[in-house]
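Please read the structure below before turning to the comments.
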Amino acid sequence: MRNDRGMHVELCNFGARILSIKVPDKDGKLLETTLNQANDEDIISDKFYMGASIGRTCNRISNSQFSLDGVEFSISTNDGVNNLHGGEVGFSKRIWHTKGTNVHSNSLTFELHSQDGDQGYPGAVDAQVLFTLNEKNELRLDFSATSTKPTPINFCNHAYFNMGEKNISNLELRIQADTYIPVDAESIPLGYFDTVVNTRFDFNESAVLADRLMSGTFDHCYHAKNTKMATLTSRKHKISLEVESDQVGIQFYSGNFLPTAQSALCLEAQGYPDAINHQALDQDILRPGELYQKYVIYRYSHFS
C-alpha cells in the first residue's frame, strides 16, 4: 500500500505481518523505519515475531495455564515453562486469508480461523486484522474476533522500529504512563502496578534511550494514561512516530534478544499480560455473542 505523500507499507499473509514501513525523510528520500527479515525463508523461520499479528494472547502466560469459569486449562509451552505470544504455533505462525486490497480506502483485511482447542485455548475463534493507510501518514490496525466459548484474548502487533537508525541508542522515547507492571527474572508479570516516579521507567518526558539503557534493558508493560500512548523520535532524520490505541497497556521491549541487540524496539499496544492469572489486572475474556475490537495507529510526522 502507498499514499500520495510517498508512504509505503508492505504486508504479508504469514502472520498477518508488517514487512516494511517506509516514510519520506526530511529530504524526501524513502526511509525504512522498521526492522524486518530479509527473505521468505527468514520470515517463515522468524523467532522474533517481526511485524507479526500476535494471538490468541500476546506476551506471556505464566506456567502455561489458567482457570476460566472454574475450568483449568493447560496451553502450549514455548518459553521455558511459560506460554509466549500464543504458543508454539500462535497466530504469528499461521497463513491468514486475505480479502484483497480495497483501492478506494487503501486497506487490506486478513482473516484467520482458530479451532476449539488450538494451542490448548477454549473456543473456536474467528479473527480479523484490517490494515488501513491514509493520507495523514497513519497506518491503522483494527483487530476483531468472535469465539464459540469463553476464552482469553489479547491481540497486538509486534513491529520493530528503528526509525532508519542502526540502533536505538540515539532515539528519543516518550511513554505517557505513571505506572508499569514489574516482572520476575523470566519476564513474568508480578500482577501489580508500580510507580515510574524517580525510576528509569519514567518516560513521561522524552528521554534519549542511551541514557536509560545504561541502567538496564526493558521488556515491561505500562498502564497508558490515554490513547496517545507513546512517541518515538529520530533527531537524525527529523521524524517521529506516535502510537495511539484503545488498549489499556503498552509493552516497551528494547530488542534485547535480537541478533544485534537493541537494533530496534517494540511498542506493543496490548491488554495486560498474564492478566488471566492476576485478579488485580483487568482481563480480556471474549465470550460467545461478544465482539472483541481494538485498534492501533502508527502515526508518522516530520519536524524541523
Side-chain angles (χ1 to χ4, degrees), residues 1-3 5-12 17-39 42-43 46-52 133 136-139 141 156-177 200-220 222 228-245 250-269 296-304:
M1 297 188 293
R2 64 184 64 190
N3 65 16
R5 298 178 64 183
M7 183 172 170
H8 291 207
V9 175
E10 185 177 351
L11 306 173
C12 173
R17 68 183 63 209
I18 297 169
L19 293 182
S20 172
I21 303 177
K22 295 178 181 176
V23 180
D25 66 8
K26 63 183 188 306
D27 299 317
K29 297 176 61 176
L30 272 184
L31 180 73
E32 177 59 72
T33 66
T34 62
L35 179 68
N36 292 286
Q37 301 290 4
N39 54 58
D42 290 342
I43 292 170
D46 172 43
K47 299 179 180 179
F48 307 104
Y49 306 92
M50 288 187 177
L133 175 63
K136 298 178 182 178
N137 279 3
E138 296 174 341
L139 177 63
L141 286 64
C156 83
N157 178 264
H158 208 285
Y160 285 84
F161 299 100
N162 58 20
M163 307 301 282
E165 302 204 17
K166 293 182 179 180
N167 57 62
I168 64 174
S169 296
N170 292 324
L171 298 179
E172 296 180 16
L173 178 63
R174 183 185 183 196
I175 300 175
Q176 298 194 52
R200 69 185 184 93
F201 295 97
D202 190 352
F203 287 93
N204 279 291
E205 297 294 331
S206 186
V208 177
L209 285 172
D211 299 335
R212 300 299 177 87
L213 292 169
M214 292 177 63
S215 302
T217 58
F218 295 86
D219 195 5
H220 299 80
Y222 287 76
K228 294 184 177 180
M229 296 178 161
T231 304
L232 185 65
T233 299
S234 168
R235 294 288 173 185
K236 176 181 179 181
H237 297 295
K238 299 191 181 303
I239 189 169
S240 289
L241 165 69
E242 183 178 63
V243 180
E244 177 184 329
S245 178
I250 184 165
Q251 183 90 5
F252 169 33
Y253 170 52
S254 53
N256 319 319
F257 299 108
L258 289 171
T260 302
Q262 298 171 7
S263 53
L265 60 79
C266 297
L267 295 168
E268 309 160 50
V296 181
I297 296 174
Y298 298 132
R299 179 180 295 114
Y300 287 85
S301 61
H302 297 86
F303 59 91
S304 56

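Values below: every heavy atom of this structure, side chains too, minus hydrogens, waters and symmetry copies.
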Checklist entry - Would Leu139 and Met1 count as a side chain to side chain contact (heavy atoms under 4.5 Å, CB included) if you check the C-alpha gap in whole Å, the side-chain angles of each, and the deciding distance to 0.1 Å? => result CA-CA 10 Å; Leu139 177 63; Met1 297 188 293; 4.1 Å; yes

Checklist entry - Going through the distances and angles, do Leu173 and Leu171 end up as a side chain to side chain contact (heavy atoms under 4.5 Å, CB included)? => result CA-CA 7 Å; Leu173 178 63; Leu171 298 179; over 6 Å; no

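Considering every non-hydrogen atom in both Thr231 and Ser240, the closest pair reads CG2-CB, 4.3 Å. Across every non-hydrogen atom of Thr217 and Ser254, the tightest pair is CB-OG, 3.7 Å. Summarising the geometry of Arg174 relative to Asn204, their closest heavy-atom pair is NE-O, 2.9 Å, with the distance given to 0.1 Å. Closest non-hydrogen pair, Met163 versus Leu31, comes out as O-CD2, 3.6 Å. Looking at every heavy atom in both residues, Thr34 comes nearest to Asn162 through N-OD1, 3.8 Å. The shortest heavy-atom contact between Val296 and Ser245 is CG2-OG, 3.8 Å.
Atom NE2 of His8 and atom CG of Leu30 lie 5.0 Å apart (nearest 0.5 Å). Between Lys47 atom NZ and Gln37 atom CD the span is 10.5 Å, to the nearest 0.5 Å. Note that CD of Glu242 and CG of Leu232 are 11.5 Å apart. Values are rounded to the nearest 0.5 Å. In this structure, Ile18 CD1 and Asn157 CG are separated by 4.0 Å, a value rounded to the nearest 0.5 Å. Here CG of Leu265 is found 9.5 Å from CG of Leu258. Values are rounded to the nearest 0.5 Å.
Proximity of Tyr222 to Met229: side-chain heavy atoms (C-beta onward) are nowhere separated by under 4.5 Å. Counting heavy atoms from C-beta on, the side chains of Phe303 and Arg235 come closer than 4.5 Å. In this structure the side chain of Pro24 never reaches within 4.5 angstrom of the side chain of Arg5, judged on heavy atoms. The shortest distance between side-chain heavy atoms of Arg17 and Asn36 does not fall below 4.5 Å. Two residues are said to be in side-chain contact when any heavy atoms from C-beta on lie closer than 4.5 Å; Ser263 and Tyr160 fail this criterion. Between Thr260 and Lys166 there is no side-chain heavy-atom pair separated by less than 4.5 Å. Side-chain contact between Phe218 and Arg200 is present, with at least one heavy-atom pair separated by less than 4.5 Å. In this structure, the side chains of His158 and Cys266 come closer than 4.5 Å at one or more pairs of heavy atoms.
None of Tyr253, Phe252, Tyr298 except one satisfies the ring-ring contact (aromatic ring centres under 6.0 Å, His included) rule with Phe161; the exception is Tyr298.
For Lys136, the NZ atom counts as loosely surrounded, since its 6.0 Å shell holds 12 or fewer non-hydrogen atoms of other residues, nucleotides or ligands. Taking a 6.0 Å sphere around CZ of Arg2, one finds it holds 12 or fewer heavy atoms contributed by other residues, nucleotides or ligands.
By the 6.0 Å and 45° rule, Arg212 stacks over the aromatic ring of Phe203.
Shown here are the salt bridge (charged side-chain N to carboxylate O under 4.0 Å, His left out) partners of Asp25, two or more places apart in sequence or in another chain: there are none.
Side chains of Ser169 and Gln262: no donor on one and acceptor on the other come within 3.5 Å.
In this structure, the side chain of Thr33 engages the main chain of Ile21 through a donor-acceptor pair within 3.5 Å.
Remark: Lys236 does not engage Glu165 in a salt bridge, criterion side-chain N to carboxylate O under 4.0 Å. A salt bridge links Glu138 and Arg299; the closest N-O separation between the charged side-chain nitrogens and carboxylate oxygens is under 4.0 Å.
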